[in-house]
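The analysis underlying the following values was restricted to heavy atoms, covering all of them including side chains, and did not include hydrogens, waters or symmetry mates.
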Amino acid sequence: MRKSHPIRRVVLATAATVSGVVLLLSLKPSSDPTAAATGTTPQQTAGAQQSPQGAARPAGAAGGTVTGDATQTQYGTVQVRLTVAGGKIAKAEAVQAPKGGLSDQKTAMAVPKLNQEAVAAQSAQIDAVSGATYTSDGYKKSLQSALDRMKSAAAPAPSASSPAASGSKSGSKSGSTSGTTSGSGAAQARSVTVTGKVTQTQYGPVQVRITMSGGKITQASAVQAPSGGLSDQKTAMAVPKLNQEAVAAGTAHIDTVSGATYTSTGYRQSLQSALDQAGG
């Protein structure tokens with residue numbers, strides 16, 4: 001074949017063109033779409049991993065749930081759970097309650113009422129539901145323990161770095177209670193008598209007076225109790241037992257005296273108000 005043959009010229013020209021295109025492509029900057037996508041993915045993941053502010057807070061502060069102690073009753077266990085919002089009870093529910101046979105009916109009747117009263121009262125000073133005395137008493141005890149935990153969670157931790165402030169607070173509390181004592185040791189040694197609020201029951205008012213010494217109940221008495229007719233017998237039977245239990249327990253978590261349900265309930269409520277006034 002001759003050097004000047006047309007086909008030879010075409011082949012050479014095509015080869016030169018292909019070489020030029022390959023050279024230009026090799027010099028073009030790389031734009032890897034996978035790398036670009038990879039560059040945005042970590043940014044989104046980091047954002048997704050950030051935990052929202054105020055996620056889970058302890059019950060008793062601004063919100064959360066707290067469950068009281070399981071209380072054993074004659075017909076079964078009662079346990080109360082509280083939902084707290086803004087430092088207050090937003091919802092109350094019985095996570096355990098007596099069941100089986102007649103207990104199912106009593107639980108269905110009593111628990112919704114007790115839940116409503118707990119939210120309305122914001123305390124364990126709620127009335128027993130008639131016909132469900134044991135469930136009501138167990139509910140109140142579990143509710144009180146849940147409230148205690150709620151208050152404990154809401155209370156600020158004492159600062160170890162400010163002993164002066166601690167001493168000032170202790171002295172101020174002691175001085176406001178009794179003008180003749182000062183300091184936390186003297187405040188613990190003194191005795192104080194406090195009378196609770198009058199609680200109205202179906203058979204008459206109940207009012208409790210307690211004497212406290214060293215932060216404990218040393219004496220309890222009913223300054224008012226139902227009287228007249230059969231009430232005299234029930235009061236004479238129930239009040240001495242309630243007084244003894246108040247001193248022994250040191251709290252308002254005392255059992256109902258059989259046959260004197262209303263008097264027992266009123267006694268506990270007045271006793272709790274006396275303890276609240278005494279700071280116990």
- Taking NZ, NE, NH1 and NH2 as the nitrogens, is one of them in K141 or D255 under 4.0 Å from a carboxylate oxygen of the other? yes

- Message: When you compare the side chain of I126 with that of L114, does any pair of heavy atoms fall below 4.5 Å?
- Response: yes

- Task: List the atom of T201, the atom of Y262, and the distance in Å for their closest heavy-atom pair.
- Result: CG2-O, 3.5 Å

- Output yes when a side-chain donor or acceptor of R81 lies under 3.5 Å from a complementary backbone atom of V66, and no otherwise. no

- Check whether V198 and V206 end up in the same hydrophobic cluster, where Ile, Leu, Val, Met, Phe, Trp and Tyr are linked by side-chain heavy atoms less than 4.5 Å apart. no

- Any ion pair linking R268 and D137 (charged N to carboxylate O, less than 4.0 Å)? yes

- Query: Are any side-chain N or O atoms of S273 and backbone N or O atoms of S270, one a donor and one an acceptor, separated by less than 3.5 Å?
  - Reply: yes

- Message: Strictly below 4.0 Å, N to O, side chains only: are K197 and D276 in salt-bridge contact?
- Response: no

- Donor-acceptor pair, S152 side chain versus D148 backbone, under 3.5 Å? no

- Message: Just so I know, are the side chains of T199 and V208 near enough to count as touching, which here means a heavy-atom distance under 4.5 Å?
- Response: no

Side-chain polar contacts of residues 215-224 - donor-acceptor pairs under 3.5 angstrom, sequence neighbours left out - could you list them?
unit_1: T218; atom_1: OG1; unit_2: T211; atom_2: O; d: 3.0
unit_1: Q224; atom_1: NE2; unit_2: Q207; atom_2: OE1; d: 2.9

- Query: Is the backbone N or O of V257 less than 3.5 Å from a side-chain atom of S264, with the two atoms forming a donor-acceptor pair by type?
  - Reply: yes

- Note on the structure: The reported gap from CD in Q269 to CD in Q200 (rounded to nearest 0.5 angstrom) is 11.0 Å

- Message: I want to check something: taking the side chain as every heavy atom from C-beta on, are Y134 and T256 in contact at a cut-off of under 4.5 Å?
- Response: no

Listing, residues 87-104 side-chain donor-acceptor contacts under 3.5 Å, not counting sequence neighbours, or none:
unit_1: Q96; atom_1: NE2; unit_2: Q79; atom_2: OE1; d: 2.7
unit_1: D104; atom_1: OD1; unit_2: G100; atom_2: N; d: 2.8
unit_1: D104; atom_1: OD2; unit_2: G100; atom_2: N; d: 3.4

- Within the distance-only criterion (no hydrogens, no angle test), does the side chain of S142 pair as donor or acceptor with the backbone N or O of V80 below 3.5 angstrom? yes

- Any chain of hydrophobic side-chain contacts (each under 4.5 Å) joining Y267 to L275? yes

